[in-house]
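Below is one structure, written out as structure tokens; comments come after it.
Every heavy atom of this structure was used, including side-chain atoms; hydrogens, water molecules and symmetry mates were not.
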Amino acid sequence: MDMDDLAARILAGERRALSRAITLVESGRADHRRQAMALLEALRGHDRTALRIGLSGTPGVGKSTFIEAFGLMLTGQGLRVAVLAVDPSSARSGGSILGDKTRMERLSRDPHAFIRPSPAQSQLGGVARRTREAADLCEAAGFDVILIETVGVGQSETMVAEMSDLFILLLAPAGGDELQGVKRGIMESADLILVNKADGDLKPAATRTCADYAGALRLLRRRAQDPQGFPKAMTVSALEQAGLQTAWAEMQALTDWRRAEGHFAARRAAQARHWFEAELREGLLARLRREPVKSALADLAARVEAGDLSPALAAEDLLRRHLGE
């Protein structure tokens, strides 16, 4: 596979080349990994910048319905939209349903949209390990907005904030009292909270829930990257397409302010450092699983299981012997 040719086709906006490249970066094979790194290096330095929006929320909150309605609104304005949807994987078989294209049928047919479902596999944090690199590829392909939909598992789902410019949290009406809003973790990372399903009989409940979370947000410590009034809570209805334009206007206003104040570029730089350290940790763990370290690792693990050695002392012993600690 010619990586320079593939890179040129991605820069030209070829969807098939983009799909092939995402498959390559998601592969676990060592030779594919080397090719993926060569491809990403060939694409590095392009002057294209997409707005990366991470979306999270509990299962059933309407993430797919919101993304389809929101994506269609954006493509209607002439923007190119990529959706990277992460589906949960079975802990037993490792398989995933990957049904997001089915749930977003209208958006999947839009020529200005690109939807790519990926399995979460064993990765924690609601996103797949290579989702960040998939976002880099979509950005190089010329997409204006990249929507990263997480698995939807709760408070631990903060990893998407490390690969997006804006982190949006979707909530359902009457999903919990306002004290949920002051919990550290996913609430603290949100830039905008959208209470979905603000329609029909649920509209009054959505309005109350929005007011509860707006009050809770005021209790959080103000972040340097937020202008006055952010983060904020709003109501939307993906079913009736209500509030989507207002939410988009708020996202644009926040992004413009961060660009002007230097927070946008600083956040991208900090994220690059974060992922460098993450890759370093993964690389070190991979080396510990290879020979001759693998046999020592298995021996120490057996001693820990038998209760002859504590986990902390076993780890310290292995690091000292094989990594010079």
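Note that OG of Ser56 and CG of Leu171 are 9.0 Å apart. Values are rounded to the nearest 0.5 Å. Taking CG of Leu79 as the reference point, atom CG of Asp144 lies at 5.0 Å (rounded to 0.5 Å).
A donor-acceptor pair is defined here as one N or O able to donate and one able to accept, closer than 3.5 Å; such a pair exists between the side chain of Glu68 and the backbone of Glu105.
Salt bridge Arg52/Glu162: absent, no basic N to carboxylate O contact under 4.0 Å. Between Arg44 and Glu133, none of the side-chain N atoms (NZ, or NE/NH1/NH2) sits under 4.0 Å from a carboxylate O, so this pair counts as no salt bridge. A salt bridge links Asp191 with Arg258: the distance from a Lys NZ or Arg NE/NH1/NH2 to an Asp or Glu carboxylate oxygen falls below 4.0 Å. The pair Asp226-Arg222 does not count as a salt bridge, with every side-chain nitrogen at least 4.0 angstrom from each carboxylate oxygen. Between Asp136 and Arg132 there is a salt bridge, with a side-chain nitrogen of the basic residue lying less than 4.0 Å from a carboxylate oxygen of the acidic one.
For Lys232 and Phe230, the positive end sits near the middle of the six-membered ring, less than 6.0 Å away and at most 45° from its axis.
The shortest distance between side-chain heavy atoms of Arg16 and Glu14 does not fall below 4.5 Å.
Aromatic ring pairs are classed by plane angle as parallel below 30°, tilted from 30° to 60° and perpendicular above 60°; the pair Trp248 and Phe70 is perpendicular.
A donor-acceptor contact closer than 3.5 angstrom links the side chains of His32 and Ser27.
Applying the side-chain hydrogen bond (donor to acceptor under 3.5 Å, both in side chains) rule to pairs touching residues 297-312 yields nothing, sequence neighbours excluded.
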